[in-house]
Amino acid sequence: QVQLVESGGGLVQAGGSLRLSCAASGIPFSITDMGWWRQAPGKQREFVASITSGGHTSYLYSVKGRFTISRDNTENTVYLQMNSLKPDDTAVYYCTTGGATWGRGTQVTVSS
């Protein structure tokens with residue numbers, strides 16, 4: 001079955017960095033568009049970044065220049081490098097296959 005497993009979340013001070021990973025199985029990963037979304041307490045889930053099978057990337061305006069999405073088709077893994085983190089980035093981060101399948105999420109907490 002399709003499975004997405006996120007890792008790499010944690011507690012970091014403002015200005016710090018984290019690298020999230022999402023390991024995928026059960027899908028033809030190299031031809032699947034992948035994305036990261038996040039949900040903060042009391043807020044709706046929002047799009048953060050996406051990467052197509054061809055490597056084209058898109059970002060939420062507020063993370064442009066700070067976050068980088070990438071993929072390794074040999075490892076069936078998609079990454080989200082997050083730099084210059086802000087308290088507003090605090091959320092549960094989810095990996096998704098274009099909205100069809102979701103992981104369980106990984107908590108990111110940024111302290112001020």
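Small disclaimer: the values here were computed from a predicted structure and weren't measured. By convention here, the first residue in the shown sequence is residue 1. Only heavy atoms go into these numbers, but all of them, side chains included; no hydrogens, no water, no symmetry mates.
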* Closest approach of Ser112 to Ala14 (non-hydrogen atoms, all atoms of both residues) -> CA-CB, 4.4 Å
* To do: Starting from the C-alpha separation in whole Å, work towards a yes-or-no answer on side-chain contact (heavy atoms from CB on, under 4.5 Å) for Gln81 and Ser17.
  => CA-CA 8 Å; Gln81 177 67 44; Ser17 299; 4.0 Å; yes
* What distance do Thr68 atom OG1 and Asn83 atom CG have between them, rounded to the nearest 0.5 Å? -> 6.5 Å
* Structure fact -> Residue pairs meeting disulfide (SG to SG under 2.5 Å), one or both in residues 38-72, sequence neighbours left out, come to none
* Is there any side chain to side chain donor-acceptor pair (under 3.5 Å) pair reaching into residues 21-37, and which pairs are they, with sequence neighbours excluded? -> none
* For Leu20 and Val108, run side-chain contact (heavy atoms from CB on, under 4.5 Å): C-alpha distance rounded to whole Å, both residues' side-chain angles, the deciding distance at 0.1 Å, then the answer. => CA-CA 9 Å; Leu20 305 185; Val108 171; 4.0 Å; yes
* Please, which pairs that meet side chain to side chain donor-acceptor pair (under 3.5 Å) have at least one residue in residues 92-107, sequence neighbours excluded? -> Arg38-Tyr93, Gln107-Thr109
* **Pairs flagged by disulfide (SG to SG under 2.5 Å) wherever residues 63-112 is involved - sequence neighbours left out** => Cys22-Cys95
* Would you name the heavy atoms of Leu4 and Ala24 that are closest together and state the gap between them? => CD2-CB, 3.6 Å
* Would you please test Val48 and Leu80 for side-chain contact (heavy atoms from CB on, under 4.5 Å) and show each step? => CA-CA 10 Å; Val48 176; Leu80 186 68; 4.2 Å; yes
For residues 54-61, run the donor-acceptor check on the side chains, cut-off 3.5 Å, and write out each pair with its distance to 0.1 Å, sequence neighbours left out.
residue : atom : partner : partner atom : Å
Tyr59   : OH   : Ile69   : N            : 2.9

* Not counting sequence neighbours, list each pair that qualifies as a salt bridge (Lys or Arg N to Asp or Glu O under 4.0 Å) and has a residue in residues 66-85. => Arg66-Asp89
* To do: Check whether Val2 and Phe29 end up in the same hydrophobic cluster, where Ile, Leu, Val, Met, Phe, Trp and Tyr are linked by side-chain heavy atoms less than 4.5 Å apart.
  => yes
* Qualifying side chain to side chain donor-acceptor pair (under 3.5 Å) pairs with a residue from residues 5-16, counting only residues at least two apart or across chains -> none
* To do: Among residues two or more places apart or on two chains, list those pairs meeting disulfide (SG to SG under 2.5 Å) that have a residue in residues 27-79.
  => none
* What do the steps show when you test Tyr79 against Arg19 for side-chain contact (heavy atoms from CB on, under 4.5 Å), and what is the final call? -> CA-CA 7 Å; Tyr79 302 98; Arg19 188 195 196 202; 3.6 Å; yes
* Which pairs count as disulfide (SG to SG under 2.5 Å) when at least one residue sits in residues 46-90, sequence neighbours excluded? -> none
* To do: Identify, with sequence neighbours excluded, every residue that meets side chain to side chain contact (heavy atoms under 4.5 Å, CB included) alongside Ala23.
  => Thr77
